Number of protein chains: 2
Amino acid sequence: MFSIGELSRRTNVKIPTIRYYEESGLLDAPERTEGNQRRYDAAGLERLSFIKHARDLGFSIEAIAALIELQGHPDRSCAEATDIASAQLSDVRAKIKRLRALEKELVRISKGCDGNGMTEDCYVLASLADHRLCEREH
Amino acid sequence: MFSIGELSRRTNVKIPTIRYYEESGLLDAPERTEGNQRRYDAAGLERLSFIKHARDLGFSIEAIAALIELQGHPDRSCAEATDIASAQLSDVRAKIKRLRALEKELVRISKGCDGNGMTEDCYVLASLADHRLCEREH
DNA sequence: TCTTGAACCTCTAGTCACTGGAGATCGTAT
DNA sequence: ATACGATCTCCAGTGACTAGAGGTTCAAGA
């Protein structure tokens, strides 16, 4: 049995975040001491590690809740879990695609100005003001 | 002179968002009709287009406010503007890097499970539960 | 046993960039 | 004159935390 601070140290999840996860229903409410302080066991640590890992991979709280639900039913098909994972993968890929387009445009804009002139003639500002100066949609 | 609805249509920025930009100081408060409705001119349209374009490129409201500030001083060096743009570029590149790592990990996790088994043996769930199954840090 | 001080508790509010709704008023076409 | 869509302000909600105030508890040392 260990305190919330100890759990925080072991998982690298901040204390208010742990309480937030509890409030959102991702973490079961743990036992309490007589003085009302939370005391966790190995199961709590495992659960929080799962959540942390999933959050690091960008899963939403909602998706994580669904994954935890599935974990609790070892006899159910895991198709749902793989669906959630592949949805997350598509999401990540879409974000990468969009960011690459932005990167290209930002490189183009930045190249146009060496930073030595006056704002009057700044290509950065001109590009932002006039969308026609862009090469592609974004 | 045109209404907020017309401005919204022309810029593809939603009406509440336009009001939000005004409240945040990015847009000057426009003239009003006798009945208190906003009426915009070409300058308002131009300004909002600038903001929209910068937001599409991922600049924060704060960064945009700084860029607008600079726009208003044509005689100042544009080094600051290029700095803001290159900071934004680094930011975008950092995000891409991180997302690529996540993508790799998600592909690996997804590959391990065909979705036909039971959750009990699901590699997706097992991977999330046990960080040691990951190939790299993320 | 007592005291200290770090750790913990709850509750509220703030972050960013919007988005949506309620309820009231305005503008314009017929 | 009337109808009705557009607009007004104000307030609350989103996601995933984060921070602070003000009070209580735990554990170690004297």
Side-chain angles (χ1 to χ4, degrees), chain A residues 1-27 29-40 44 47-48 50-68 84 87-88 91-92 95 98-99 102, chain B residues 1-27 29-40 44 47-48 50-68 84 87-88 91-92 95 98-99 102:
Chain A
M1 301 297 270
F2 38 89
S3 69
I4 195 167
E6 180 64 21
L7 184 63
S8 169
R9 245 166 278 124
R10 292 205 205 179
T11 54
N12 278 315
V13 175
K14 290 183 183 159
I15 292 173
T17 305
I18 296 174
R19 293 199 270 247
Y20 168 74
Y21 288 159
E22 181 183 328
E23 203 193 359
S24 331
L26 287 192
L27 278 177
E31 287 179 48
R32 301 272 184 143
T33 62
E34 272 184 43
N36 200 33
Q37 299 195 356
R38 291 168 179 82
R39 285 297 176 269
Y40 296 91
R47 168 69 66 85
L48 183 54
F50 180 95
I51 295 168
K52 169 79 157 85
H53 194 179
R55 281 297 300 137
D56 284 348
L57 287 168
F59 288 88
S60 69
I61 297 288
E62 202 188 341
I64 295 170
L67 289 169
I68 288 172
I84 292 171
Q88 177 59 20
D91 196 63
V92 166
K95 278 180 183 150
R98 177 171 155 70
L99 285 171
L102 298 192
Chain B
M1 301 296 270
F2 38 89
S3 69
I4 196 168
E6 181 64 21
L7 183 64
S8 169
R9 246 165 277 126
R10 291 206 205 179
T11 55
N12 277 317
V13 175
K14 291 186 183 156
I15 292 172
T17 305
I18 296 174
R19 293 199 270 246
Y20 168 74
Y21 288 158
E22 181 182 328
E23 204 192 359
S24 329
L26 288 192
L27 278 177
E31 287 179 47
R32 300 273 185 147
T33 62
E34 271 183 43
N36 200 35
Q37 298 194 356
R38 291 167 179 83
R39 286 297 176 268
Y40 295 91
R47 168 68 66 86
L48 183 55
F50 180 96
I51 295 167
K52 169 79 157 84
H53 193 179
R55 282 297 299 139
D56 284 349
L57 287 168
F59 288 89
S60 71
I61 295 289
E62 203 187 338
I64 296 171
L67 290 169
I68 288 173
I84 293 172
Q88 176 59 18
D91 195 65
V92 165
K95 279 182 182 149
R98 176 169 158 71
L99 285 171
L102 299 192

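Order of the sequence lines sets the chain letters (A, B, ...), proteins ahead of strands, with each chain counted from 1. Quick caveat: nothing in here was measured; it's all calculated off a predicted structure. Basis for what follows: all heavy atoms, side chains included, without hydrogens, waters or symmetry-related copies.
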From the candidates dA16(D), dC9(C), dC26(D), the one with an atom nearest any side-chain atom of Arg55(A) is dA16(D)
For Arg32(B), which contact category applies under a 4.0 Å heavy-atom criterion: base, sugar-phosphate, or nothing?
sugar-phosphate
For a quick test of reading the model: is some side-chain N or O of Tyr21(B) closer than 4.0 Å to OP1 or OP2 of dC18(C)?
yes
Output the rounded distance in Å from CD1 (Ile18(A)) to P (dA16(D)).
17 Å
Once you round it to whole Å, what is the distance between C1' of dT7(D) and CD of Glu34(B)?
16 Å
Base, sugar-phosphate or nothing for Ser3(B)? Non-hydrogen atoms, less than 4.0 Å.
sugar-phosphate
Please determine, for the side chain of Gln37(B), which listed nucleotide (dT7(D), dC18(C), dA16(D)) has the closest atom?
dT7(D)
Within this structure, what is the CD-to-P distance between Glu23(B) and dT9(D), rounded to whole angstrom?
10 Å
In the structure I gave you, are the side-chain heavy atoms of Thr11(B) and Ile51(B) within less than 4.5 Å of one another anywhere?
no
Taking CG from Leu27(B) and P from dA17(C), how many angstroms apart are they, rounded to a whole number?
15 Å
Can you tell me the distance, in whole Å, between the CG atom of Asn12(B) and the C1' atom of dT19(C)?
16 Å
Taking atom CD as the centre, does Glu6(B) end up with more than 12 heavy-atom neighbours from other residues, nucleotides or ligands that are less than 6.0 angstrom away?
yes
Base, sugar-phosphate or nothing for Phe59(A)? Non-hydrogen atoms, less than 4.0 Å.
nothing
Using the 3.5 Å cut-off, write out each protein N or O paired with an N or O of nucleotides 18-20 of chain D and the distance between them.
unit_1	atom_1	unit_2	atom_2	d
dT18(D)	OP2	Thr17(A)	OG1	3.1

Map Asn36(B) and Ser60(B) onto DNA chain C by nearest heavy atom, then report which one ends up closer to the 5' terminus.
Ser60(B)
Whole angstrom is fine here: how far is it from CD in Glu31(B) over to C1' in dT7(D)?
17 Å
Glu62(B) has an atom CD; how far is it from atom C1' of dC16(C), in whole Å?
11 Å
Between dC9(C) and Arg38(A), is there an OP1 or OP2 to side-chain N/O distance shorter than 4.0 Å?
yes
Among dA27(D), dC9(C), dT25(D), find the nucleotide with the atom closest to the side chain of Thr33(A).
dT25(D)
Round to a whole Å and report the spacing from CZ of Arg39(A) to P of dA7(C).
13 Å
Indicate yes or no for a side-chain donor-acceptor contact from Gln37(B) to the backbone of Ser3(B) under 3.5 Å, with no hydrogens or angles considered.
no
Side chains of Tyr21(A) and Arg55(A): closer than 4.5 Å at any heavy-atom pair?
yes
Run the salt-bridge test on Glu23(A) and Arg19(A) with the 4.0 Å N-O cut-off and return the result as yes or no.
no
Do the non-hydrogen side-chain atoms of Leu48(A) and Tyr40(A) ever get within less than 4.5 Å of each other?
no
In short, Lys52(A) meets Val13(A) closest at the heavy-atom pair CD-CG2, 3.4 Å
